[in-house]
Amino acid sequence: MAKELKELTPRGENYAQWYNDLVLKADLAENSAVRGCMVIKPYGYAIWEKMQRELDNLFKETGHVNAYFPLFIPKSFLSKEADHVEGFAKECAVVTHYRLKNDPEGKGVVVDPEARLEEELIVRPTSETIIWNTYKGWIQSYRDLPILCNQWANVVRWEMRTRLFLRTAEFLWQEGHTAHATEAEAVREAETMLNVYADFAERFMAMPVLKGLKSPNERFAGALETYCIEALMQDGKALQAGTSHFLGQNFAKAFDVTFINKDNKQEYVWASSWGVSTRLIGGLIMTHSDDNGLVLPPKLAPYQVVIVPIYKNQEQLQQISEKVAGITAALKARGISFKYDDNDNKKPGWKFSEYELKGVPVRLALGARDLENGTIEVARRDTLTKESVPVEHIDSYVARLLDDIQANIYKKAFDYRTSVTREVNSYEEFKEEIEKGGFLLCHWDGTPETEERIKNETKATIRCIPLEGDKTPGFCMLTGKPSAQRVVFARSY
RNA sequence: CGGGAUGUGGCGCAGUUGGUAGCGCGCUACGUUCGGGACGUAGAGGCCGCUGGUUCGAGUCCAGUCAUCCCGACCA
């Protein structure tokens with residue numbers, strides 16, 4: 001049998017290998033000829049498009065508009081905000097020339113040394129600087145505020161080690177950049193977007209997340225406060241799934257962006273920024289998928305239903321296709337996306353395995369036997385169960401089933417997270433428990449030094465200071481100093 | 001940038017003490033199949049990463065070089 005071919009490394013054997021196998025074999029993405037950069041294949045990109053559509057709706061509903069800013073940023077811009085440049089300088093791609101010429105020595109082309117740029121350009125690792133340089137021209141008065149822009153773009157961060165979707169040198173994301181008249185409004189914006197991200201993660205990705213604040217060590221370069229959503233992967237490691245930042249007046253000051261307030265006084269503008277990236281696809285994979293392949297939430301699956309005809313000859317296929325036409329019309333009327341795979345080159349068994357690997361939530365199989373009995377076989381990906389049901393009203397049956405799958409995989413992920421989230425009170429215990437993975441709720445004295453020491457000794461970091469839940473004060477598990485509340489420790493991606 | 005490994009048909013690999021390259025999958029054609037990755041028959045496809053050396057002869061030995069992957073330090 002050819003079965004071994006697309007077999008995945010089991011999760012229990014090697015989680016990282018399983019993940020890699022899955023991305024490749026489910027046809028989501030592959031490594032490209034460019035080191036650290038991936039090719040997102042059509043099936044993977046379809047998931048991204050679904051994410052984009054839903055997120056974009058949520059952004060629009062909260063009053064944002066889309067715009068586009070340049071890929072290139074003058075090098076001098078980056079250095080205007082001290083923390084920002086320090087955070088990003090080490091991983092910037094730099095454009096130094098604008099022309100090639102034929103190699104005078106013979107083969108190929110070489111950079112034309114005559115064509116050196118007067119000011120070098122960096123490829124954006126994020127766009128705060130170019131955007132605040134631009135906003136300067138847009139803002140004079142409080143009447144010009146707020147500005148609530150988002151852009152869908154690619155960015156480049158020259159990473160040493162990359163992993164498909166989770167960390168690549170170039171990645172796709174959205175970055176919102178807002179400008180406000182007051183501090184409170186900018187903070188509120190950062191919080192609003194955090195809630196949008198959490199809502200998206202839970203409702204669409206079926207991925208439970210913790211909402212929290214980053215510790216100073218983990219804060220975005222240039223931010224006064226970074227909010228985040230943290231998810232927990234099946235191997236017990238945390239994944240930062242989205243961040244929003246309260247930037248204070250740092251960028252306004254760096255780019256001299258001021259406005260006249262209602263009292264006719266000159267004031268610096270308050271800012272926020274927020275983003276999620278194609279990394280979410282990595283999170284999606286590692287939250288739900290199993291040893292048989294991808295498990296996709298119905299709300300983000302490129303197609304929610306696949307229909308496989310089972311036939312012995314063309315007449316049978318003809319009959320089945322006619323029946324399927326009725327089914328697909330009904331599905332379409334309900335807004336359910338589907339694929340009817342009547343490809344004659346592959347056998348049903350092959351298709352079953354293939355769509356399982358690709359995580360299609362619901363599979364319908366229809367054969368001659370079903371035509372006789374008025375039935376259809378329904379298989380659900382999340383539980384790997386199948387049953388034969390009456391073919392009439394299959395559309396409403398499927399609609400319910402999709403909701404059920406969406407809820408079920410969320411619950412499964414939520415229960416898993418609950419089962420590996422626990423309170424730890426001593427550092428001794430912590431060092432033991434961290435090896436098992438999961439979220440550890442611990443008291444911390446609030447100092448970067450303590451966090452740093454824990455990180456060096458255990459590789460665990462503070463994933464977030466939760467906004468919700470238990471706020472009881474206590475004493476730091478390491479130093480015994482007072483702690484305002486428990487924070488979340490984990491090893492992370 | 002340190003530590004480890006690997007480069008051989010599209011993919012995954014084998015290749016003995018050096019003797020002129022093989023297997024599985026995939027691909028093409030035809031036939032039989034078709035309710036969980038079908039089978040048969042016949043085909044196509046390879047400067048063995050690159051450069052130099054040793055040798056009558058190198059996928060194999062030596063040197064260099066390039067690339068990729070894994071493990072660490074940095075990060076969404």
Side-chain angles (χ1 to χ4, degrees), chain A residues 1-8 14 16-17 20-21 24-25 30-36 86-92 125-126 154-175 197 214 217-221 223 226 228-231 238-245 273-283 292-293 308-314 316-317 320 342-358 363-373 375-379 384 386 388 455-456 459 461 463 492-493:
Chain A
M1 272 194 234
K3 197 169 181 184
E4 299 78 31
L5 259 191
K6 281 222 168 177
E7 211 139 83
L8 300 166
N14 183 340
Q17 188 64 47
N20 222 4
D21 285 359
L24 296 175
K25 289 178 178 175
E30 62 188 34
N31 284 306
S32 72
V34 184
R35 183 196 160 79
E86 196 188 322
F88 287 106
K90 291 165 299 206
E91 49 188 22
C92 283
T126 179
N154 58 340
V155 287
V156 168
R157 297 180 187 176
W158 213 260
E159 300 288 348
M160 299 180 192
R161 290 200 56 208
T162 60
R163 295 195 60 191
L164 293 167
F165 290 117
L166 297 173
R167 174 163 298 107
T168 47
E170 179 192 14
F171 57 94
L172 306 182
W173 77 346
Q174 56 69 217
E175 46 180 326
Y197 287 154
K214 281 296 183 191
N217 280 0
E218 300 277 323
R219 215 173 262 158
F220 175 76
T226 288
C228 65
I229 52 171
E230 288 287 323
L239 182 80
Q240 182 178 121
T243 50
S244 71
H245 315 289
S273 69
W274 29 274
V276 295
S277 72
T278 38
R279 172 179 248 204
L280 287 178
I281 296 174
N292 293 299
V308 178
I310 296 155
Y311 56 95
K312 295 193 198 302
N313 53 52
Q314 289 304 308
Q316 279 189 4
L317 176 59
I320 292 165
D342 60 352
N343 183 345
D344 196 33
N345 297 322
K346 300 279 194 263
K347 296 184 48 188
W350 190 93
K351 292 175 184 174
F352 290 177
S353 301
E354 182 68 8
Y355 293 115
E356 204 162 284
L357 183 63
K358 288 193 161 184
R363 184 187 74 229
L364 301 177
L366 196 67
R369 221 154 62 205
D370 293 303
L371 290 185
E372 265 177 47
N373 302 338
T375 56
I376 189 163
E377 184 186 87
V378 183
L384 290 169
K386 58 186 180 183
S388 188
K455 183 180 174 181
N456 291 338
K459 292 176 188 157
T461 51
R463 300 321 303 156
S492 71
Y493 277 97

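Reminder, nothing fancy here: chain letters follow the sequence lines and each chain counts from 1.
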Exercise. May I have the distance from A:R219 (atom CZ) to B:C74 (atom C1'), rounded to whole angstrom?
Key: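 Taking atom C1' of B:C74 as the reference, CZ of A:R219 is at 20 Å.
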Quiz item: Once you round it to whole Å, what is the distance between C1' of B:C11 and CG of A:N20?
Solution: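 Atom CG in A:N20 sits about 15 Å away from atom C1' in B:C11.
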Please report the distance separating the [atom1] of [N] from the corresponding atom of [M], rounded so that it comes out in whole Å.
| N | M | atom1 | result |
| --- | --- | --- | --- |
| B:G26 | B:G64 | C1' | 37 Å |
| B:U32 | B:C11 | C1' | 28 Å |
| B:U33 | B:G40 | P | 15 Å |
| B:U8 | B:U20 | C1' | 15 Å |
| B:G37 | B:A42 | C1' | 24 Å |

What's the closest nucleotide to the [X] side chain, out of [options]?
| X | options | result |
| --- | --- | --- |
| A:K312 | B:G37, B:A73, B:C34 | B:C34 |
| A:F352 | B:U33, B:A76, B:G36 | B:G36 |
| A:I310 | B:A76, B:G36, B:C34 | B:C34 |
| A:S353 | B:C34, B:G36, B:C70 | B:G36 |
| A:Q240 | B:G36, B:A76, B:A73 | B:A76 |
| A:A365 | B:G35, B:A73, B:A76 | B:G35 |
| A:N31 | B:G37, B:C69, B:U33 | B:C69 |
| A:E159 | B:A76, B:G72, B:G35 | B:A76 |
| A:D370 | B:A76, B:C70, B:G35 | B:G35 |
| A:E354 | B:G37, B:G35, B:A76 | B:G37 |

Which nucleotide, in any strand shown, forms a Watson-Crick or G-U wobble pair with [N], with both distances under 3.5 Å?
| N | result |
| --- | --- |
| B:A73 | none |
| B:U20 | none |
| B:A67 | B:U6 |
| B:G37 | none |

Quiz item: Got a donor-acceptor contact below 3.5 angstrom from the A:N373 side chain to the A:D370 backbone?
Solution: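 Answer holds: no.
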Quiz item: Contact class for A:F171 (heavy atom, under 4.0 Å): base, sugar-phosphate, or nothing?
Solution: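 Base: the residue A:F171, judged by heavy atoms under 4.0 Å, touches a nucleobase.
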Quiz item: When all nucleic acid strands are considered with a 4.0 Å heavy-atom cut-off, which category describes A:S388: base, sugar-phosphate, or nothing?
Solution: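 If one applies the 4.0 Å heavy-atom cut-off, A:S388 turns out to touch nothing in the nucleic acid.
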Quiz item: Do the rings of A:H245 and A:F220 sit parallel, tilted or perpendicular, given the 30° and 60° boundaries?
Solution: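 Aromatic pair A:H245/A:F220 classed parallel.
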Quiz item: Is A:T243 close to A:V276 at the side-chain level, that is, under 4.5 Å between some pair of heavy atoms?
Solution: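 Answer no - side chains too far apart.
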Quiz item: Within the pair A:R35 and B:A67, is there a side-chain N or O less than 4.0 Å away from OP1 or OP2?
Solution: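 So the side chain of A:R35 is outside the cut-off, no N or O lying under 4.0 Å from OP1 or OP2 of B:A67.
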Exercise. Give a yes/no on whether any side-chain N or O of A:K347 is located under 4.0 angstrom from OP1 or OP2 of B:A38.
Key: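 Checking A:K347 against B:A38: at least one side-chain N or O falls below 4.0 Å of OP1 or OP2.
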Quiz item: Is it true that atom CH2 of A:W173 has more than 12 heavy atoms of other residues, nucleotides or ligands lying nearer than 6.0 Å?
Solution: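 Atom CH2 in A:W173 is crowded, with more than 12 foreign heavy atoms closer than 6.0 Å.
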Practice problem: Check the pair A:E218 / A:R463 against salt bridge (charged side-chain N to carboxylate O under 4.0 Å, His left out), numbers first and verdict last. | Solution: CA-CA 8 Å; A:E218 300 277 323; A:R463 300 321 303 156; 3.7 Å; yes
Quiz prompt | Residue pair A:E170, A:R157: steps toward the salt bridge (charged side-chain N to carboxylate O under 4.0 Å, His left out) verdict | solution = CA-CA 6 Å; A:E170 179 192 14; A:R157 297 180 187 176; over 6 Å; no
